[in-house]
Amino acid sequence: MAERTLERVLEGETVNPPPIWLMRQAGRYLPEYRALREKAGGFLNLCYNPDFATEVTLQPIRRYGFDAAILFSDILVIPDALKCGVRFEKGEGPRLDPIEADDIGRLEARYAADTLDPVIEAVGRIRESLPSQTSLLGFCGAPWTVATYMIAGKGTSDQAPARLFAYRHRTEFLKLLDLIADLSADYLIRQLKAGADAVQIFDSWAGVLGEEGFVDFAAAPVARIVKTVRQAVPGAKIIAFAKGAGPNLSTYRQKTDANAIGLDWTVPLAIAKELQKDGPVQGNLDPLSLVAGGDLMKARARAIVEALSDGPMIFNLGHGITPEVDPETVLTLVKLVRGEE
Ligand SMILES: Cc1c2[nH]c(c1CCC(=O)O)Cc1[nH]c(c(CCC(=O)O)c1C)Cc1[nH]c(c(CCC(=O)O)c1C)Cc1[nH]c(c(C)c1CCC(=O)O)C2
């Protein structure tokens with residue numbers, strides 16, 4: 001039986017107060033993050049320097065004592081290791097050299113696994129530095145979400161380039177998803193062996209897919225990752241977060257066999273409760289309620305705890321924290337969830 005609360009919940013236990021961590025808990029809303037990013041001179045320099053990555057991962061733990069730390073990295077390190085020209089320009093979001101159908105057969109030969117060595121080194125250091133009661137989460141992007149960036153070369157609002165690509169070049173697209181799934185599984189296995197206690201798979205763009213696309217492009221490649229990871233690391237604990245998946249969430253849990261599913265803020269609490277009957281859930285406070293703060297934030301957070309804390313739950317946001325958030329509001333939230341506010 002695991003000791004740490006987040007891991008106990010992933011094993012199906014109900015823990016009160018529920019463990020809390022926040023997606024993107026290390027980031028620009030924290031002055032200490034902004035200072036270190038300035039010093040590193042670029043986002044990828046933070047990710048690939050084990051000292052910086054360790055320090056940034058620990059920043060929110062020192063401030064708030066969250067129940068889990070999440071490795072500081074990015075889902076786009078896999079395309080970066082595939083030499084897709086990943087860059088982060090200030091105020092613009094990520095840019096990549098878009099790939100075409102003909103490129104897919106040649107991608108694997110370009111893969112440089114050692115690109116990720118510093119990230120794995122950071123995992124070991126972070127685990128050694130964390131308090132024993134704090135879980136360490138590793139992560140990767142889901143193949144569909146990572147593929148949307150590789151095809152469009154940037155984030156787009158409805159992922160039309162990737163959807164169209166998938167319809168026009170189905171065979172090549174499925175091959176791309178399998179490749180990303182296999183590299184991601186290997187990457188998660190390395191993280192788990194280096195000291196990660198559980199991992200989360202981020203499928204931030206799952207919500208733009210239709211019924212069949214959801215199964216073939218979102219759920220199936222994540223199921224492939226889960227299976228491969230558990231073959232290498234029996235009992236590996238996995239959270240799968242498919243943003244916008246709404247009515248597909250039950251199918252998603254069933255098909256992926258993840259220990260817990262993440263819920264974005266659009267999932268009604270009555271439906272969250274239904275989904276919880278089949279296993280642990282994580283979520284689902286609207287990140288903007290944290291920007292608004294005050295009584296609105298407190299009321300929404302209380303409603304989530306009241307609805308879900310009689311079953312296995314992990315308190316989190318419904319998506320990543322945004323840079324405008326006042327760090328004091330995060331402290332209020334943590335205290336509230338722990339019954340201290
Ligand atoms: C789609 C996606 C990406 N990255 C990620 C996702 C999936 C989750 C989601 O949907 O938010 C995941 C991610 N990105 C980052 C983490 C670190 C761990 C954490 O604190 O949660 C994690 C888990 C750091 C980051 N990744 C990024 C930042 C901001 C970089 C900076 O300092 O300028 C951070 C802290 C950059 C990034 N990286 C990505 C985008 C679209 C952007 C730009 C958006 C933005 O600026 O907020 C790709």
Side-chain angles (χ1 to χ4, degrees), residues 5-6 9 14-34 37 56-70 72 93 133-135 137 139 200 202-204 206-207 239 241-246 249 260-276 280-341:
T5 54
L6 181 122
V9 171
T14 299
V15 178
N16 264 304
I20 173 172
W21 70 280
L22 305 181
M23 289 188 273
R24 291 275 182 96
Q25 64 192 20
R28 285 165 295 181
Y29 74 107
L30 291 178
E32 57 269 35
Y33 171 84
R34 295 194 299 267
R37 189 191 192 283
V56 173
T57 303
L58 297 174
Q59 286 173 346
I61 305 305
R62 286 192 201 112
R63 251 189 202 255
Y64 306 114
F66 287 121
D67 296 286
I70 181 160
F72 189 82
Q133 75 273 18
T134 313
S135 296
L137 285 167
F139 75 93
Q200 173 155 320
F202 285 87
D203 214 346
S204 307
I239 306 167
F241 172 58
K243 182 171 168 285
L249 277 167
I261 52 169
L263 310 177
D264 67 54
W265 68 91
T266 69
V267 178
L269 290 176
I271 292 180
K273 252 182 125 47
E274 280 302 306
L275 290 163
Q276 197 184 34
V281 293
Q282 172 178 282
N284 74 339
L285 185 68
D286 185 345
L288 291 186
S289 68
L290 211 49
V291 178
D295 290 343
L296 178 134
M297 184 280 284
K298 289 186 194 169
R300 292 310 303 155
R302 272 200 194 99
I304 293 168
V305 174
E306 271 165 28
L308 299 174
S309 63
D310 60 352
M313 79 162 295
I314 299 164
F315 194 97
N316 206 318
L317 303 179
H319 196 202
I321 192 166
T322 58
E324 313 76 61
V325 168
D326 178 348
E328 280 302 307
T329 311
V330 176
L331 191 60
T332 306
L333 173 66
V334 173
K335 285 187 176 162
L336 185 150
V337 170
R338 293 191 169 149
E340 297 160 6
E341 176 92 3

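Side-chain contact check for R24 versus I321: some heavy-atom pair is nearer than 4.5 Å. Taking the side chain as every heavy atom from C-beta outward, D286 and R300 never approach each other to under 4.5 Å. Put simply, the side chain of F66 reaches to within 4.5 Å of the side chain of I61, judged on heavy atoms. Put simply, the side chain of Y64 does not reach to within 4.5 Å of the side chain of L22, judged on heavy atoms. At least one side-chain heavy atom of H319 sits less than 4.5 Å from a side-chain heavy atom of S204.
Here the closest non-hydrogen pair linking P287 and G318 is CD-N, 4.3 Å. Listed here is the closest heavy atom pair of V9 and P280: O-CG, 3.2 Å. Across G283 and M313, no two heavy atoms sit closer than the pair O-CE, 4.3 Å. Taking both residues in full, the closest heavy atoms of A292 and L296 are given as CB-CD2, 4.3 Å, listed atom of the first, atom of the second, then distance. Shortest non-hydrogen contact noted between A68 and L137 is CB-CD1, 4.1 Å. The two residues P60 and Y29 come nearest to each other via the heavy atoms CB-OH, 4.4 Å.
Atom OG1 of T5 sits about 8.5 Å away from atom CD of Q133, to the nearest 0.5 Å. Taken to the nearest 0.5 Å, the CG atom of L288 stands 10.0 Å off from the CG atom of L317. Residue W21 holds its CH2 atom at 11.0 Å from OG of S135, rounded to the nearest 0.5 Å. Annotation: the span from L6 atom CG to Q282 atom CD amounts to 7.0 Å, rounded to 0.5 Å. We find the CZ-CG distance between F241 and D264 to be 6.0 Å, quoted to the nearest 0.5 Å. Considering CZ of R37 and CG of L30, their distance stands at 14.0 Å, rounded to 0.5 Å.
E32 has no carboxylate O lying under 4.0 Å from a charged side-chain N of R62, or vice versa, which leaves the two without a salt bridge. In this structure, D295 does not pair ionically with R302, as no charged nitrogen and carboxylate oxygen lie closer than 4.0 Å.
Side-chain atoms of Q276 come within 3.5 Å of backbone N or O of P312 as a donor-acceptor pair. Checked by atom type and distance alone, the side chain of K273 pairs as donor or acceptor with a backbone atom of A307 at under 3.5 Å.
Shown here is R338, whose CZ atom has more than 12 heavy atoms of other residues, nucleotides or ligands within 6.0 Å. No more than 12 heavy-atom neighbours from other residues, nucleotides or ligands sit within 6.0 angstrom of CD on E328.
In summary, of the residues considered (L285, I304, L275, N316), a side-chain contact (heavy atoms from CB on, under 4.5 Å) with L263 occurs for L275 alone. Between F315 and the options L333, V334, L308, a side-chain contact (heavy atoms from CB on, under 4.5 Å) holds for only L333.
Ring orientation note: the planes of F139 and F202 are nearly perpendicular, at an angle over 60° on the 30°/60° scale.
In this structure, the ring of F72 has its center less than 6.0 angstrom from the ring center of Y33.
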Derivation and outcome, side-chain contact (heavy atoms from CB on, under 4.5 Å), residues L269 and N284: CA-CA 9 Å; L269 290 176; N284 74 339; 3.9 Å; yes

